[in-house]
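Heavy atoms only: backbone and side chains are in, while hydrogens, waters and symmetry mates are out. Keep in mind that this is a model prediction, so the values were computed, not measured. Lettering follows sequence order; numbering is per chain, from 1.
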2 protein chains.
Amino acid sequence: MTDLTEIRTEMRRRRKAERPKEILEAAFAEFSRNGYASTTLDQIAERAGVTKGTIYVYFDSKEHLFISMVREVMQASLDTVHELFETHEGSTADLLHAQFSFIYQHIVEDKRRREVVRMLIAEAPRFPELADRYHEEILRPCLDMLRQAIQRGMDRGEIRKSSIVDSPQVVIAPIALVDLWMMMFDKRQPLDLKAYFNAHLDMVLHGLLAK
Amino acid sequence: MTDLTEIRTEMRRRRKAERPKEILEAAFAEFSRNGYASTTLDQIAERAGVTKGTIYVYFDSKEHLFISMVREVMQASLDTVHELFETHEGSTADLLHAQFSFIYQHIVEDKRRREVVRMLIAEAPRFPELADRYHEEILRPCLDMLRQAIQRGMDRGEIRKSSIVDSPQVVIAPIALVDLWMMMFDKRQPLDLKAYFNAHLDMVLHGLLAK
DNA sequence: AATTATTTACTATCCAGTTAGTCAATAACG
DNA sequence: CGTTATTGACTAACTGGATAGTAAATAATT
């Protein structure tokens with residue numbers, strides 16, 4: 001085997017190896033633009049630079065392509081979530097500040113994840129197991145971490161005793177609202193994210209009432 | 001005119017007056033079950049007890065039917081929001097408690113509204129003006145009311161001075177999360193609404209930090 | 001030549017929107 | 001009053017375009 005053929009073989013292998021990812025990428029773009037039902041495989045194929053027949057070499061059906069695409073995009077968010085767990089020591093207030101900072105930077109701004117969430121919501125009746133996967137792999141770990149942080153803060157006396165620890169969702173709810181807001185209104189009803197972030201942290205830490 | 005024909009005439013008149021509502025009701029049921037694109041007019045017609053042709057007597061197109069249906073369901077929520085404005089005097093904490101109570105009872109439990117929100121999210125790229133309408137008629141009034149309540153509380157000294165008043169979304173974000181949660185997970189990942197409501201109010205009023 | 005990746009052409013089906021026509025109720029008229 | 005014309009609500013059947021999936025043909029590579 002000459003060097004040249006070796007290189008060619010390698011290119012060919014890589015091409016084959018890349019095809020599914022290229023198709024998944026195109027699938028994400030088209031599905032998130034038009035929704036599951038209104039997206040045609042021809043659109044996806046054209047964007048991927050292949051024809052419809054090629055898609056069927058790598059994926060059994062439109063449904064399987066959709067499921068694979070969602071899992072692909074979720075994987076990326078999952079890696080971000082794992083990073084979130086590497087965060088450090090310090091007072092509970094500092095910890096929450098650091099973690100919220102991270103989340104606002106990485107999760108809130110991640111448009112790909114948000115588009116997947118949009119599809120999960122839209123298609124939840126048809127693909128409930130995908131939504132459950134999102135809960136299992138992304139939401140639950142975040143909530144567990146948060147619950148843990150609050151619990152430790154209570155043990156240390158930094159956090160007042162309250163039953164909020166049993167409903168950690170309320171603490172990160174403003175992040176969910178950003179998703180919802182962006183999905184529904186995008187830039188048409190603007191949201192000052194910087195002010196919003198500060199208000200979020202402020203409310204979580206101090207609440208509204210005067211002491 | 002015999003009694004029989006009189007009755008028939010009356011039935012016919014009532015029938016005509018009710019037809020659009022019957023069709024809209026069927027449209028809601030089918031659209032929310034299958035999504036916009038996957039719902040056929042034949043499905044809607046069958047549920048309404050008519051044929052497809054009849055739908056075209058009352059509505060110009062599938063798009064117009066969808067838009068009319070959304071407006072119809074939103075109207076109901078709008079009435080609820082107006083009720084919300086009739087709420088009373090008392091300390092700001094009491095006011096918030098009362099308003100939140102009302103919202104949890106009426107908005108959070110309103111499955112029809114939630115299904116419409118799901119469709120708004122799913123179809124926002126195709127029907128942005130519907131999402132904007134939701135903002136204009138439901139979300140914004142609620143946020144304005146909330147902002148007003150907080151401002152008055154600050155003026156009275158009941159509420160600490162903070163920039164939360166400029167981002168009132170963070171205060172009702174937990175309500176948005178209930179929507180998101182239900183839309184994605186329904187009963188599969190249960191949420192203890194009673195505990196959640198208390199945690200929400202607790203966090204909004206007192207925050208997490210001790211002292 | 002043999003193998004593999006991809007395309008092309010096709011099929012069967014579905015569905016929004018249309019059209020022609022039915023049937024009953026009213027209006028017009030003699 | 002009774003007969004005929006007209007209207008209004010609705011249906012059944014059809015059309016044309018689109019589209020998921022298939023399978024045979026072709027191109028690329030070794």
Atom pair distance, as rounded to whole Å: CG in Asn34(B) and C1' in dC15(C)
14 Å

In whole angstrom, what separates His64(A)'s NE2 from dG21(D)'s P?
11 Å

Distances for protein N/O vs nucleotides 17-20 of chain D N/O pairs under 3.5 angstrom?
| residue | atom | partner | partner atom | Å |
| --- | --- | --- | --- | --- |
| dA20(D) | OP1 | Thr39(A) | O | 3.4 |
| dA20(D) | OP1 | Lys62(A) | NZ | 3.4 |
| dA20(D) | OP2 | Leu41(A) | N | 3.0 |
| dA20(D) | N7 | Lys52(A) | NZ | 2.8 |

Thr54(B) vs dC10(D): side-chain N/O to OP1/OP2 distance below 4.0 Å:
no

Distance alone, cut at 3.5 Å: any donor-acceptor contact between the side chains of Ser38(B) and Arg126(A)?
yes

Got a salt bridge between Arg33(A) and Glu30(A), using NZ or NE/NH1/NH2 to carboxylate O under 4.0 Å?
no

I need the OH-C1' distance between Tyr36(B) and dC15(C), as an integer number of Å.
12 Å

If the plane angle is over 60° it's perpendicular, under 30° parallel, otherwise tilted; pick one for Phe31(B) and Tyr36(B).
parallel

For His106(B), the ring pair (Phe, Tyr, Trp, His ring centres under 6.0 Å) test, sequence neighbours excluded, returns Phe102(B)

For atom CG of Leu65(B) and atom P of dG17(C), their distance in whole Å
10 Å

Just to verify, what does Arg113(B) make a side-chain hydrogen bond (donor to acceptor under 3.5 Å, both in side chains) with, not counting sequence neighbours?
Tyr134(B), Asp179(B)

Exactly one of Lys194(B), His200(B), Glu109(B) clears side chain to side chain donor-acceptor pair (under 3.5 Å) with Tyr104(B), and that residue is His200(B)

Whole Å only: how far is the CZ atom of Arg19(A) from the P atom of dT4(C)?
17 Å

Just the rounded figure in Å: distance from P of dT22(D) to CD1 of Ile55(A).
13 Å

How long is the line joining CZ of Phe59(B) and P of dT18(C), in whole Å?
16 Å

